[in-house]
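These notes are about the structure you will find just below.
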Amino acid sequence: MKQLDKNYSPKDFENRIYADWEKKGYFHAEADKSKKPYCIVIPPPNITGQLHIGHALDNTLQDILIRWKRMQGYSALWLPGTDHASIATEARIVAAMKDEGLTKDDVGRDGFLERAWEWKRVYGGTIVSQLKKLGSSCDWERERFTMDEGCSKAVQKVFIDLYNEGLIYRGERVINWCPNCKTSISDIECEYEEKDGSFWHINYPLSDGSGNIEIATTRPETLLGDTAVAVHPDDNRYKGLIGKTVKLPLMNREIPIVADEYVDKEFGTGAVKITPAHDPNDFEVGIRHALPLINIMDDSAVINENGGKYAGMERYAARKAVVKDLEGEGLLVKTEPHKHNVGGCQRCGTVVEPRASQQWFVSMKELAAPAMEVVRDGRLNWVSKRFENVYMQWMENIRDWCVSRQLWWGHRIPAFYCQNENCGHQIVSAVAPEKCDKCGGIMLQDEDTLDTWFSSALWPFSTLGFPEKTPELEYFYPTSVIVPAYDIIPFWVARMIFSGLKFMNDVPFRDVFIHGLIRDEQGRKMSKSLGNGVDPLDVIDKFGADALRLTMIYGVSQDSDVRWSESKVTSARNFANKLWNAARYVFMNIPDGFDTIKLPDKSKLTIEDKWILSKFNRLIKAVTANLDAYDLGIAAGKVHDFIWNDYCDWYIELTKSRNDAHHVLLFIMERVLKLLHPFMPFITEEIWQSMPHSTGATESIMVASWCEYDEELCFLKEEEDFEKVIEGIRKIRAVRSEKNVPPSKRVPLQIETSEMDLFKSCDVFFEKLAGCIELDIQENIQTSDNCTIIPTSHARFIILTGDLVDREKETARLKNELAKVKKDIDFIGKKLSNEGFITKAPAAQVENERQKLANANDKLKIIESSIKGLE
RNA sequence: GGGAGUUUAGCUCAGCUGGGAGAGCAUCCGCCUUACAAGCGGGGGGUCAUAGGUUCGAGCCCUAUAAUUCCCACCA
């Protein structure tokens with residue numbers, strides 16, 4: 001057994017302990033039929049990522065659950081892995097190549113992928129090693145990657161199956177295009193922000209020369225791709241114009257005026273330019289009226305050859321030029337300032353350009369229905385009802401998911417197209433077809449890859465072996481709980497649910513335990529641009545991983561955001577230090593030769609032993625219940641408070657005058673460490689390995705068994721009695737402090753009480769903890785002139801400070817107390833004489849009030865007689 | 001435009017199905033009491049956002065208002 005160092009210095013043991021756990025294989029979980037399964041799949045961090053404070057929270061919560069369940073005897077698997085993060089990683093590699101003066105086209109697809117894999121090899125492990133610093137007890141033997149062979153197979157199978165069922169289709173739609181990332185992105189990857197823009201009113205001359213129709217737009221450059229003007233069919237202003245044509249300014253193209261109910265008569269001029277290739281609504285209008293589609297921009301949002309003389313201009317340059325030219329032609333009616341929401345790329349922030357193109361889509365309606373049903377029928381439980389609503393609303397309004405990306409790093413779409421122009425046959429297949437089975441032409445694979453989230457959606461089963469029917473998949477699926485932040489509910493949680501139901505015929509997890517985000521001290525989101533991020537590794541370095549972990553959950557309830565402040569970490573570290581020193585104290589009082597913790601026979605237990613044992617026993621029950629309900633912060637708080645307040649501040653102090661207390665001290669220490677272990681794994685292990693144990697206890701706290709409530713250790717009467725002693729000590733201390741009696745000064749104490757046995761058995765505590773001497777405990781005590789009287793409901797404490805007592809002041813103090821008690825009695829009395837309360841309140845409540853009244857009356861008598869004694 | 005959350009001590013937050021308002025930090029007072037000054041003991045500090053309502057009883061339930069944060073939609 002090793003000695004604990006004098007100082008708590010987590011740096012000295014956290015890494016060593018983690019390596020030891022890993023070496024012993026404690027993190028590994030098997031499909032062990034003799035145990036119950038418990039499984040969490042990690043939200044796979046991006047290989048581009050550095051561990052940030054959000055990961056730290058996310059993984060702390062998971063580690064708490066996994067460690068707790070492991071201790072409860074489950075085969076607890078925490079399955080780790082990383083995400084290839086197609087856009088993010090590709091952007092990094094493109095940037096790195098740019099430094100070398102190279103582009104994607106220079107190195108080609110294969111060359112690019114080589115670089116990407118190399119990048120993954122070099123940097124992909126960074127975040128994993130950082131997770132280890134945090135104490136994450138993942139089964140690293142089962143670590144997966146979204147682009148490893150198995151996950152890729154799963155992706156391929158899912159894509160093909162969905163295609164064969166008609167749930168994946170290819171088509172031309174207006175999608176969100178990022179001109180910087182040069183790829184399509186899905187609707188939820190587009191983030192809107194309100195910006196100041198302009199509303200340009202433009203006259204479109206009627207072809208017949210009879211006048212103009214005025215339209216208004218926020219994106220005048222799209223005029224180049226207009227193929228109609230739309231008005232509302234019931235709009236009297238324009239009824240006569242429907243069916244006529246206008247001459248599109250600058251382009252000299254004749255385009256029709258069509259009637260469509262999509263137009264809002266009240267908004268703008270009531271006439272809308274229609275650009276089907278660059279606006280999703282216009283696209284729909286275009287379909288209804290069979291309008292041509294004119295794409296006017298290339299993949300960098302530069303005007304292409306369809307833009308006439310504007311070709312080659314960047315979109316904002318084109319906008320300026322178009323406005324200027326319209327002005328020149330006298331067609332610009334006016335320019336109004338206009339606030340509107342502009343969509344930006346989630347990854348790079350570039351303003352997204354809606355653009356018609358051929359893309360692959362997952363048809364969502366059919367998949368979404370069962371994903372909502374499992375929530376309604378309770379097969380899948382959202383711990384947070386608030387976020388259940390978010391999920392349900394999102395699912396109800398779901399639209400088809402654009403899954404193709406014009407990127408190279410990712411799962412390539414297993415679709416092949418016949419290159420014969422007259423054929424154009426399309427095959428979706430796991431293996432490349434030799435030739436077209438219709439015309440024998442050459443088949444080439446789709447150049448595009450899939451949305452990163454497509455593979456993430458399969459994570460709970462692809463990591464367990466799907467599409468193979470592995471023992472792991474059989475045993476651990478459905479997983480137990482998923483633990484994501486609320487900001488990835490649509491991206492990830494929702495998609496896992498419908499994917500799991502579709503391909504595994506069951507929910508991917510039983511519970512969804514959503515957590516909030518960590519914000520900075522001003523409540524702002526942490527971000528790179530603000531530079532307000534907190535690096536968890538710095539925190540670990542300075543305070544230790546245990547302190548970091550406790551900081552993130554202590555006093556935090558479920559799904560609320562956490563406001564970061566270093567003072568919280570300091571508090572958490574101070575708690576660790578407190579525990580450390582308590583352990584040192586307990587251990588230094590173990591007699592030589594003591595090797596096994598064994599609780600003494602019940603008859604040998606003192607009242608304070610029973611008090612702490614009983615309190616601890618109830619703590620087990622409470623903490624376990626809180627964990628069951630995912631109230632991790634509350635659970636941690638209770639263990640924290642027990643250790644600091646009950647165990648350290650009272651029990652240790654109470655037992656300082658005994659030499660046989662090590663039994664109970666160790667008994668509680670051993671067990672409370674177990675309750676704390678899921679939250680603070682390192683310090684609990686370090687202390688655990690420095691102490692003797694009960695029989696059957698193991699070499700590591702990680703694999704020790706969780707505490708169980710024990711009926712035998714329930715001593716409610718002693719608990720209640722001992723609280724009376726504590727109350728007395730507290731009151732005496734308070735009065736001493738109030739009267740400036742120096743702590744070193746011993747004062748004689750008399751206790752007048754009807755519970756003489758109780759107080760006699762506890763006399764030593766008044767000496768040690770309240771600085772009293774010469775204890776005299778009687779049923780009736782005649783008070784002398786210079787005493788200070790301290791009444792409680794159960795006793796009258798009389799101290800002689802030795803100084804002259806100001807009798808008037810003393811009387812005033814007691815009268816003050818008397819007034820308080822009278823107020824109490826009055827209050828409770830009113831309640832009890834209230835007809836409504838007696839008849840309608842629960843009986844237990846009424847009984848409770850009666851008890852309170854009786855206590856107050858006892859106290860009243862005690863105070864009254866004290867005052868009488870003084871007068 | 002639709003929806004959700006938050007509002008409790010100077011700060012950060014607890015407060016379970018309604019039964020006399022809590023913690024930590026900060027502050028003030030007193031202590032180096034041989035586990036811990038990263039500590040110990042004690043104190044002060046709150047018309048629980050506002051206005052109504054339900055109830056014997058409201059921080060908690062209902063309605064409205066205000067402030068604040070966020071999500072969704074995206075009418076050009």
Side-chain angles (χ1 to χ4, degrees), chain A residues 4 6-8 187-188 190 192 199 215-219 222 230 262-264 266-269 271-275 279-282 338 340-343 386-387 389-390 393-394 397 486-487 489-490 516-517 519 521 523 525 543 554-557 559-565 567-568 570-589 625-626 629 631 633-634 637 640-641 645 648-649 652-653 656 730 733-738 740-744 768-771 823-824 827-828 830-831 834-842 844-846 848-849 852:
Chain A
L4 289 182
K6 182 153 188 339
N7 296 308
Y8 168 63
D187 294 341
I188 49 177
C190 183
Y192 289 89
F199 210 26
I215 59 92
T217 180
T218 54
R219 294 189 298 153
T222 61
Y262 148 72
V263 181
D264 180 350
E266 311 302 322
F267 191 83
T269 62
V272 190
K273 62 191 272 312
I274 298 297
T275 324
D279 183 287
N281 290 310
D282 291 7
H338 183 67
H340 63 142
N341 284 332
V342 178
R386 176 178 153 210
F387 288 113
N389 288 338
V390 171
Q393 276 171 26
W394 191 74
N397 301 316
Y486 58 70
D487 58 350
I489 291 171
L517 309 175
R519 298 179 171 276
E521 291 192 58
K525 232 173 173 170
F543 297 98
Y554 181 68
V556 174
S557 64
D559 53 20
S560 62
D561 287 354
V562 183
R563 202 173 283 216
W564 183 265
S565 84
S567 74
K568 289 184 185 177
T570 309
S571 298
R573 190 274 319 269
N574 291 355
F575 170 67
N577 184 59
K578 182 77 183 175
L579 173 64
W580 184 265
N581 284 297
R584 280 178 54 227
Y585 170 79
V586 171
F587 301 165
M588 72 177 59
N589 287 297
N626 289 142
D631 282 324
I634 295 176
H640 170 280
D641 292 352
N645 304 331
C648 294
D649 287 350
I652 286 183
E653 295 303 323
K656 275 187 171 165
R730 283 214 166 104
R733 290 206 287 223
V735 170
R736 288 179 60 125
S737 179
E738 210 176 290
N740 291 321
V741 180
S744 53
K768 297 285 178 186
L769 303 186
K823 218 173 140 193
D824 279 3
F827 181 85
I828 305 168
K830 264 187 190 156
K831 213 178 210 182
N834 181 335
E835 188 69 22
F837 179 72
I838 300 293
T839 53
K840 291 181 185 173
Q845 188 61 39
V846 177
N848 190 17
E849 295 295 326
K852 271 170 35 188

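Numbered from 1 within each chain, the chains take letters A, B, ... in sequence-line order.
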A/Asn848/A/Gln845 under side chain to side chain contact (heavy atoms under 4.5 Å, CB included): CA gap, chis, key distance, verdict: CA-CA 5 Å; A/Asn848 190 17; A/Gln845 188 61 39; 4.2 Å; yes
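Between A/Tyr486 atom OH and B/rC70 atom P there is a gap of 9 Å when expressed in whole angstrom units. B/rA26 atom P lies 14 Å from atom NZ of A/Lys568, rounded to whole Å. As a whole-Å value, the separation of A/Glu738 CD from B/rG30 C1' is 13 Å. Separating the CD1 atom of A/Ile489 from the P atom of B/rG5 is a distance of 14 Å, rounded to the nearest angstrom. Going from atom CZ of A/Phe587 over to atom C1' of B/rA35 covers 11 Å, rounded to whole Å. Counting to the nearest Å, the P atom of B/rU34 and the CG atom of A/Asn589 are 14 Å from each other. Taking atom CG on A/Asn740 and atom P on B/rG43, their separation rounds to 13 Å, with Å as the unit. In this structure, A/Arg563 places its CZ atom 11 Å from C1' of B/rU6, rounding to the nearest Å.
The structure places CZ of A/Arg736 at 10.0 Å from CZ of A/Arg733, a figure rounded to the nearest 0.5 Å. How far CG of A/Asn834 is from OG1 of A/Thr839: 8.0 Å, rounded to the nearest 0.5 Å. Rounding to the nearest 0.5 Å places CZ of A/Phe387 at 15.5 Å from CH2 of A/Trp394. Taken from CD1 in A/Ile838 to NZ in A/Lys831, the straight-line distance is 10.5 Å, to the nearest 0.5 Å. Remark: A/Lys525 NZ to A/Asp487 CG distance equals 6.0 Å, nearest 0.5 Å. Distance check, rounded to the nearest 0.5 Å: NZ of A/Lys830 to CD of A/Glu849 gives 14.0 Å.
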Sugar-phosphate or base contact per nucleotide [nucleotides 15-23 of chain B; S, B, -; heavy atom under 4.0 Å]: ----BB---
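Shortest non-hydrogen contact noted between A/Thr269 and A/Ala216 is OG1-N, 4.0 Å. Nearest heavy-atom pair across A/His338 and A/Thr218 is CD2-CG2, 3.5 Å. Scanning all heavy atoms of the two residues, the minimum distance from A/Cys648 to A/Lys578 falls at CB-CE, 3.6 Å. Pairing each heavy atom of A/Phe267 with each of A/Phe199, the nearest pair is CE2-CZ, 3.5 Å.
Inspection of the A/Tyr486 and A/Asp561 side chains reveals an N or O donor paired with an N or O acceptor under 3.5 Å.
When the side chain to side chain donor-acceptor pair (under 3.5 Å) test is applied to A/Asn281, no partner is found at least two apart in sequence or on another chain. Among residues two or more places apart in sequence or in another chain, the side chain to side chain donor-acceptor pair (under 3.5 Å) test is passed with A/Arg563 by none.
Using cut-offs of 30° and 60° for the angle between ring planes, the A/His640 and A/Tyr554 rings count as tilted.
Within 4.0 Å (heavy atoms only), A/Ser571 reaches sugar-phosphate atoms of the nucleic acid but no base atom. Residue A/Leu579 is out of contact with every strand shown, counting any heavy-atom pair closer than 4.0 Å. Within the nucleic acid shown, A/Ser560 comes within 4.0 Å of sugar-phosphate atoms alone, with no base atom in reach, counting heavy atoms only.
Here, B/rA14 and B/rC25 have their C1' atoms 14 Å apart, quoted to the whole Å. The P atoms of B/rC48 and B/rA9 are separated by 10 Å, rounded to the nearest whole Å. One C1' atom belongs to B/rG5, the other to B/rA76, and the distance between them is 33 Å to the nearest Å. Separation of the P atoms belonging to B/rA4 and B/rC62 is 12 Å when rounded to the nearest angstrom. Rounded to a whole angstrom, the distance from the P atom of B/rC60 to that of B/rU17 is 13 Å. Going from the P atom of B/rG15 to that of B/rG19 covers 13 Å, rounded to whole Å. Nucleotides B/rA73 and B/rU8, compared at atom P, are 32 Å apart to the nearest Å. The gap from the P atom of B/rA21 to that of B/rG46 amounts to 14 Å, rounded to the nearest Å.
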How does RNA chain B look in dot-bracket form if you count Watson-Crick and G-U pairs under 3.5 Å, write [ ] for pairs that cross, and put | where a base pairs with another strand? (((((((..((((.....[..)))).(((((.......))))).....(((((..]....))))))))))))....
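Nearer to the 5' terminus of RNA chain B, by closest-nucleotide assignment, is the contact made by A/Ala582 (compared with the other of A/Ala582 and A/Pro490). Residues A/Gln393 and A/Tyr585 both approach RNA chain B. Their nearest nucleotides, taken by heavy-atom distance, put A/Gln393 toward the 5′ side.
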Give each protein N/O atom lying under 3.5 Å from an N/O atom of nucleotides 38-41 of chain B, with the pair distance.
residue : atom : partner  : partner atom : Å
B/rA38  : O4'  : A/Asn574 : OD1          : 3.2
B/rA38  : O2'  : A/Asn577 : ND2          : 2.8
B/rA38  : N3   : A/Arg573 : NE           : 3.1
B/rG39  : OP1  : A/Asn574 : ND2          : 3.0
B/rG39  : O3'  : A/Lys578 : NZ           : 3.1
B/rC40  : OP1  : A/Lys578 : NZ           : 2.9
B/rC40  : OP1  : A/Trp644 : NE1          : 2.6
B/rC40  : OP1  : A/Asp649 : OD1          : 3.3
B/rG41  : O3'  : A/Arg733 : NE           : 3.2

Detail all sub-3.5 Å separations between protein N/O atoms and N/O atoms belonging to nucleotides 74-76 of chain B.
residue : atom : partner  : partner atom : Å
B/rC74  : OP1  : A/Arg399 : NH1          : 2.9
B/rC74  : OP1  : A/Arg399 : NH2          : 3.1
B/rC74  : O2   : A/Asn341 : ND2          : 3.4
B/rC74  : N3   : A/Asn341 : ND2          : 2.6
B/rC74  : N4   : A/Asn341 : ND2          : 3.4
B/rC75  : OP2  : A/Asn281 : ND2          : 2.0
B/rC75  : O2   : A/Asp264 : OD2          : 3.0
B/rC75  : N3   : A/Asp264 : OD2          : 2.7
B/rA76  : O3'  : A/Thr218 : OG1          : 3.2
B/rA76  : N6   : A/Asp264 : O            : 2.9
B/rA76  : N6   : A/Phe267 : O            : 2.7
B/rA76  : N1   : A/Asp264 : N            : 3.3

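A cation-pi arrangement, defined by a distance under 6.0 Å to the six-membered ring centre and an angle within 45 degrees of its axis, is present between A/Lys656 and A/Tyr585.
Note on A/Lys656: every side-chain N or O is 4.0 Å or more away from OP1 and OP2 of B/rU33.
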